[in-house]
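Order of the sequence lines sets the chain letters (A, B, ...), proteins ahead of strands, with each chain counted from 1. Computed over heavy atoms, backbone and side chain alike; hydrogens, waters and symmetry mates excluded.
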Number of protein chains: 2
Amino acid sequence: MFTLSEENYLKAIYHLELDTGKGVSTNAIAKKLETKASSVSDMIKKLSEKDVVVYKKYKGVTLTGFGKKIAASIVRKHRLWEVFLVDKLNFSWDEVHDVAEQLEHIKSPKLVNQLDSFLGFPSHDPHGDPIPDKDGGLKIIEKSLLSTLEKNETGVCVGVNDSSSEFLKFLDKKEITLGKQIIVLEKEDFDDSLSIQIDGKKLSISNKIANNLYVQKS
Amino acid sequence: MFTLSEENYLKAIYHLELDTGKGVSTNAIAKKLETKASSVSDMIKKLSEKDVVVYKKYKGVTLTGFGKKIAASIVRKHRLWEVFLVDKLNFSWDEVHDVAEQLEHIKSPKLVNQLDSFLGFPSHDPHGDPIPDKDGGLKIIEKSLLSTLEKNETGVCVGVNDSSSEFLKFLDKKEITLGKQIIVLEKEDFDDSLSIQIDGKKLSISNKIANNLYVQKS
DNA sequence: AAATATTTTTAGCCTTGTCTAAAAATATAT
DNA sequence: ATATATTTTTAGACAAGGCTAAAAATATTT
Ligand SMILES: [Mn+2]
Ligand SMILES: [Mn+2]
Ligand SMILES: [Mn+2]
Ligand SMILES: [Mn+2]
């Protein structure tokens, strides 16, 4: 059994490892968890005692297979709860993260399975992130940042890179939601802004936005 | 904000105070929380610093109005989650308690309100216990132990005194569920056992059972 | 190759919540 | 009323998880 704190470390390492593809530095973990590098050093030692990470002093840390399974199960719970909050309790997608951060630590295999079934076995959370299966497997879909589309290319919104409440609310205001199709009408060389068509309407999109919205090319 | 441990102490004191009607002893709390009296002494001091309990050394402890509100909100969450687990996730009534013990500590007013609404504003949990309202108010219904009914009296099952998994499973096996009507056909002086009619069928019930099942006289 | 800068670890301290053992207060029995 | 038993509090210790400051290892410049 793992403590709340241990679970949060495992999840942080899991995400950092996925993002960068390599071993994770003490500082990177400290930054992600808003804690101090010294605290991270201490915790990593405990985690390697428990065989969930491989650790060589000064050389960073990697999850073991076992550690990866535990981390994935926490991410699975996080994302299932986010679906629950949005689909069943009428939360909007910018309100769910903090509550899911708490709910992901509830320990009950039956609860997770029943919730999964109650929600209709969703494959992705409200932000377009994939939900790991029971064994920790992730179905990665092919997605590109909107900013990488060329003029006249089209794509369907499938996810966000920045999932801050501010960005999500901005998308709400512009009525840009997952599942909608986007056509790139124009790319401005000057500021890399885009002119797109969505819902049959024309919209101007800054590069900052286009860099934080994922589409599946179509 | 209160820690997990503080919340559990508040809830324990709340229940003990309701049960006995008076101030609560250190030992009683220790027993309920399966901890040591010395730990309870320590914690009570902290809680009285935070103005949720009134404490006089050696004289036991009582919740303040503020403390009562917090405790009731935790009980409210516990019972709402139990309803959720039974009604929506197909848990049986003997499986929900331990999961609800975890879920009751999730902090999100919106979550509680939406859950309440999603469940159709239930007034009682799966064990027949009343769900405190937002202000901590409890609607107490008139209920009696089945063992107090006289021959030929009838009542509707409305709750359990013992909510152990063993007792609940036993009731399941006998198909005694909340909402069903019971008629007392016979009372045996010898062993205080009862002969009852339920679902049109005759059933023999030991005194131990009759002492742990609440009915509303009808 | 040194010198300097950055990252990581260690050492020592703090808080929370727990425990055991001993002391103090209260309750019960003679 | 005293002696005995029980309950409650205090004193001191410990583990988890965090922090700061200093030391050690690694990386980057010159
Ligand atoms: Mn999230
Ligand atoms: Mn998400
Ligand atoms: Mn319960
Ligand atoms: Mn209950």
Distance flag, aromatic centroids of B/H78 and B/H97, threshold under 6.0 Å: yes
A/K45 side-chain N/O to C/dT9 phosphate OP1/OP2 under 4.0 Å: no
Parallel, tilted or perpendicular: rings of A/W81 and B/W81 (30°, 60°): perpendicular
[X] [atom1] - [N] [atom2] separation (whole Å):
| X | N | atom1 | atom2 | result |
| --- | --- | --- | --- | --- |
| A/I44 | D/dG17 | CD1 | C1' | 14 Å |
| A/K50 | D/dA16 | NZ | C1' | 11 Å |
| B/K56 | C/dT26 | NZ | P | 10 Å |

Residue B/K69 excluded, over 12 heavy atoms near NZ under 6.0 Å: no
Crowding at NZ, A/K31 (>12 non-hydrogen neighbours, <6.0 Å): no
Looking just at side-chain N and O atoms, do [X] and [Y] make a donor-acceptor pair shorter than 3.5 Å?
| X | Y | answer |
| --- | --- | --- |
| A/H105 | A/N8 | yes |
| A/N27 | A/S25 | no |
| A/D192 | A/N207 | no |

Give me, pair by pair, the N or O atoms of the protein and of nucleotides 4-8 of chain D that are less than 3.5 Å apart, along with how far apart they are.
| residue | atom | partner | partner atom | Å |
| --- | --- | --- | --- | --- |
| D/dT8 | OP2 | B/N27 | N | 2.9 |
| D/dT8 | OP2 | B/N27 | ND2 | 3.3 |

Ion pair check, A/E95 and B/K110, cut-off under 4.0 Å: yes
Every protein N/O within reach of nucleotides 19-22 of chain C N/O, cut-off under 3.5 Å:
| residue | atom | partner | partner atom | Å |
| --- | --- | --- | --- | --- |
| C/dC19 | OP2 | B/T35 | OG1 | 2.7 |
| C/dC19 | OP2 | B/K36 | N | 3.2 |
| C/dC19 | OP2 | B/S39 | OG | 2.7 |
| C/dT20 | OP2 | B/K36 | NZ | 3.1 |
| C/dT20 | O4 | B/S38 | OG | 3.0 |

Charged tip of A/K50 within 45° of A/F2 ring normal and under 6.0 Å: yes
Within 45° cone of B/Y55 ring axis and under 6.0 Å: B/K45 NZ or CZ: no
Give me, pair by pair, the N or O atoms of the protein and of nucleotides 13-17 of chain C that are less than 3.5 Å apart, along with how far apart they are.
| residue | atom | partner | partner atom | Å |
| --- | --- | --- | --- | --- |
| C/dG17 | OP1 | B/T3 | OG1 | 2.6 |

